[in-house]
Protein chains: 2
Amino acid sequence: MTKPPATEPRRTLTLRDVSEASGVSEMTVSRVLRNRGDVSDTTREKVLIAARSLGYVPNKIAGALASQRVNLVGVIIPSMSNMVFPEVMMGISETLEDTGLQPVVGITNYSPEREEAVLYEMLSWRPSGVIIAGLEHTPASRAMLESAGIPIVEIMDIDGEPVDSAVGISHLRAGLQMAEAIVAAGYRRIGFLGTKMPEDHRARKRLEGFREGLRRAGLELADEEYYAGGSALMKGREMTEAILRRTPDLDFLYYSNDMIGAGGLLWCLDNGVDVPNRLGLAGFNGVELLDGLPRKLATMDACRREIGIHAAEIIAGKRPSGVVGGERIELFPTLQPGDTIRKV
Amino acid sequence: MTKPPATEPRRTLTLRDVSEASGVSEMTVSRVLRNRGDVSDTTREKVLIAARSLGYVPNKIAGALASQRVNLVGVIIPSMSNMVFPEVMMGISETLEDTGLQPVVGITNYSPEREEAVLYEMLSWRPSGVIIAGLEHTPASRAMLESAGIPIVEIMDIDGEPVDSAVGISHLRAGLQMAEAIVAAGYRRIGFLGTKMPEDHRARKRLEGFREGLRRAGLELADEEYYAGGSALMKGREMTEAILRRTPDLDFLYYSNDMIGAGGLLWCLDNGVDVPNRLGLAGFNGVELLDGLPRKLATMDACRREIGIHAAEIIAGKRPSGVVGGERIELFPTLQPGDTIRKV
DNA sequence: GGAGGTCTTGATAGCGCTAACAGTAGCAGA
DNA sequence: TCTGCTACTGTTAGCGCTATCAAGACCTCC
C-alpha cells in the first residue's frame, strides 16, 4: 500500500496518534502529558517529542468527562464596564494562577433572568466552583447554586444570607458611615445622585444605610437625581447641574459611584463652585482612575481586589484551618476624605 | 433492601435520572432537552416536568464529546483594564447572542508566552472559533492557530499577514493621518508620550506611522516620554509636566492613548497652558469617558465595537455571500479634532 | 530463595451524552 | 390488502480520555 501524499485531509489529533508515533500505549502518553504517575525518562522524552512534532493539543472535554474533574471556576458578575469588576477579576486570576484553576466569566447586565441563564450555562460545564456577585438571586438560581455540589462564593456584599460562602463588605454600613462623616463635617442640605438600577442591590443598600445615617442625625435627603446609560463622567456633570438648579441650597452631594462623582467635581470646578466649603462631594468605590483629577474626590474603597483574592482562595481550598465551606468574610472599607469634604 | 432515608448523599444527576423519573428513554429526554427531533407533546411535557422538578442541569462536557460540537468561542485579548477591549467584547457578545455561541475570554497581559499558554488552554476545549488580538504571535501560537481546523479571526490590526481572517484598522495609517492633521494645523515642535510596552504592536505601529507622517513634512519628533504602570490619568499629568520641563518649546503632544492624553489635558488646564493655541494635544481611541472632560481631546476612534461585531459574524458564519474564511476587513477610523487642535 | 517491595507499562472499562439507525404504530392512497 | 409514508421512541456504538487494576521487570532484605 502506498502512503498517501503528504497533505492528507487532517483529522484532529488524538492520544492514539501520539501513542502510535511514539510507540507506547495511550495511557502512557496520557501520563506524560499530565505529569502524573511514574514514567521513565526515556519514554517521557520520546512521547514529548512525538507530541510536539505532531502539534498535539489534548482534548480537555474528553479528559474532564473521564476524570470527572474540570479546572474551571465560573465567575458571574453584572458588568465589566465600570472599573469595579475588572479589579475583582484581577484578584481572582492572580490567586488562581498557581492552582491550575481557570476563571471563566459570565456577564449578567444586572438582570436576574440573564444571571439565571448564565448560571445554568456555567453549571452545565461542571466547574469546580462558582463565584457570583451579590446575594440576591432568582429562586431557580438559588436552587441551582444549592444543589450544584461545588463551592459557591457570593461576593461584594454580606448583608444577607449566603448560599454557601460569602466575601464582601456591608454596603448598608458603608452608606451609614458616609452619612455620619458628612453630618460630622457640618453639612445639612444633602442630595443624592445615583443610577436607575433597581437590580443594583448594593447601591440600593448603600442608599438605605445613608438614609438611616441621616435620620439618626434628624436629617433626610433634600433632593435626589437618577440617570441611566451614557458616559458616567458626562452624566455626572449633567446631573449635578440639574440638581443644583432645582435645589440651589444643597451643601453636599453624595454620588452612588466615583465616575459620576468625578463628573460632578469637574462641573463644580468649571463653574467656580467652592468645593468643599460651599459644597461637599463624595462618591463610592475608590477608583484608581481618580488619582489624576485636579482634586481628590472623597470616597470609600470597596476592597475589590481583596474580595477577589479571598473568594478565589475559598474555591481553591487555600483557606487556612480546615474550614470546609460556609465561610463568611467581611471586609471593612475605609473612608478616604480626599479634598471634597470640609475638615472638621 | 430498605430504601435509605430521603436525604441520601446526592450524586449529580444524569440523563438517566430524568429518564427514569419520566418513564422514557434517555434518548428521548435528550431530544426534549435539546429541542431536536420529533417528540410528542405529552412526552415532552412529562420530561420537562421531571427535569425541572429534579433540578437537572445537562452535562455539556459529555454532550460536547458525543456530538463533537462545542458552543464556545475563544477570545484572546491583552487586557481588560483600559476601556478598549471591553468595548470590543460588547460587540462580540451582542453579535453572538442569538447564535447559541458563547464567548470565553483569555487575558495575555501583552505577553506572547502568556498568549501561547492561554491559546493552548483554549484550544484544548475545542472551541468553534478563536478571536485573537493582533497579528504578531509566537511561532508555536501561529502553528496552533493554523492547524486548529476552526475559524480564526485576528482583530484590531490589519498591518500584517493574518493566519485566517482579520478585522481591524491600520495603525500605521492612523498614526500617519494624525501626523498630517497636526502638521496641517501648523504645529512644528511635536512630542510623543506613550507606554513602555514593546509588545504593544499596535501602539508601536501608530508611532511608526506618525514618524513617517512627520518625516514627509520634513519634521521629526522633538522629544519623547514613556511610562509603565500606575493610574494612566495621573501618569499623563506627570509625563506632560516632565516633557514640557525638559523641552519647553514643544507646541504639540501626541499621546499613545486617550487616558494619558486626558491626564495631560487636565494638567494643562490646571497650569494655565493655552490649549490649543500655545500647545495642541491628541490621543487615540475615542474613549467615551472623555465626553465628560472640560474640553474635548482630539482623538481617533478605533472602531472597537464594529471590530467585535465583524469578528463575531465571521465566526458565526453570518457573513453575507458564501465566503468561507480568509476574510480581511479593514475599518477606517475617523479623526475627531475636538478642542485641542487649532482649527486651520 | 522467596516474600515483598518499587518502578514502569499496558489492558479494560467506563465518564454522560448524542449520531445513526432500527423499529413500531398509525394512516392515506392504490 | 399492501405499499409508502409520517410521527414517534428506543437500541447500539462510540466521542477521547482517565481510573483502576494487573502484570512484568528488577531490586532488597531476611
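Below, all heavy atoms of this structure are taken into account, side chains as well, without hydrogens, waters or symmetry copies. A note on names: the letters A, B, ... follow the listed sequences, proteins ahead of strands, and every chain is numbered from 1. Bear in mind that the values here come from a model prediction, so they are computed numbers and not experimental data.
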Decide yes or no, distance alone: a donor-acceptor N/O pair under 3.5 angstrom between the base of D:dG10 and the side-chain of B:R31.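 Under the 3.5 Å cut-off, the side chain and the base do form a donor-acceptor pair.
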Go nucleotide by nucleotide along DNA chain D from the 5' end; which of B:A66 and B:D38 gets its closest nucleotide reached first?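 Going by which nucleotide is closer to the 5' end, it is B:D38.
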Result for 5'-nearest mapping on DNA chain D, choosing between B:M27 and A:L65, is B:M27
[N] [atom2] sits how many Å from [X] [atom1], rounded?
{"X": "A:E20", "N": "D:dG16", "atom1": "CD", "atom2": "P", "value": "13 Å"}
{"X": "A:K46", "N": "C:dT8", "atom1": "NZ", "atom2": "P", "value": "13 Å"}
{"X": "A:L33", "N": "C:dT9", "atom1": "CG", "atom2": "C1'", "value": "16 Å"}
{"X": "B:E26", "N": "D:dG10", "atom1": "CD", "atom2": "P", "value": "11 Å"}
{"X": "B:W125", "N": "D:dC17", "atom1": "CH2", "atom2": "P", "value": "13 Å"}
{"X": "A:R16", "N": "D:dG16", "atom1": "CZ", "atom2": "P", "value": "11 Å"}
{"X": "B:N71", "N": "C:dC17", "atom1": "CG", "atom2": "P", "value": "15 Å"}
{"X": "B:R69", "N": "D:dG14", "atom1": "CZ", "atom2": "P", "value": "19 Å"}

Does [X] have a side-chain nitrogen or oxygen under 4.0 Å from the phosphate oxygens OP1 or OP2 of [N]?
{"X": "B:Y56", "N": "C:dG16", "answer": "no"}
{"X": "B:S30", "N": "C:dT18", "answer": "yes"}
{"X": "A:S25", "N": "C:dG10", "answer": "yes"}
{"X": "A:R44", "N": "C:dT8", "answer": "no"}
{"X": "A:S40", "N": "C:dT8", "answer": "no"}
{"X": "B:Q68", "N": "D:dG16", "answer": "yes"}
{"X": "A:R34", "N": "D:dA19", "answer": "yes"}
{"X": "B:T43", "N": "D:dT9", "answer": "yes"}

The residue among B:I152, B:I307, B:I92 that forms side-chain contact (heavy atoms from CB on, under 4.5 Å) with B:I131 is B:I92
I'd like to know if the side chain of B:R328 reaches the main chain of B:I158, judged simply by a donor and an acceptor atom lying under 3.5 Å from each other, with no hydrogens or angles considered.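 The answer is yes, because a donor-acceptor pair under 3.5 Å joins these two groups.
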Mark yes or no for whether B:E154, through its side chain, and B:V163, through its backbone, hold a donor-acceptor pair below 3.5 Å.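 Indeed, once roles are kept as given, a pair shorter than 3.5 Å links the two residues.
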How would you list, by chain and number, every residue that makes a side chain to side chain donor-acceptor pair (under 3.5 Å) with A:E136, sequence neighbours excluded? A:K205
Rounded to the nearest 0.5 Å, how far apart are CG of B:L135 and CG of B:D159?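 One finds 8.0 Å between CG of B:L135 and CG of B:D159.
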Distance check, rounded to the nearest 0.5 Å: B:T12 atom OG1 versus B:D17 atom CG? 8.5 Å
Under 4.0 Å between any heavy atoms, over every strand shown, what does A:N59 touch: base, sugar-phosphate, or nothing? Just pick one. sugar-phosphate
Out of D:dG16, D:dT11, C:dC17, which has the shortest distance to the side chain of A:T14? D:dG16
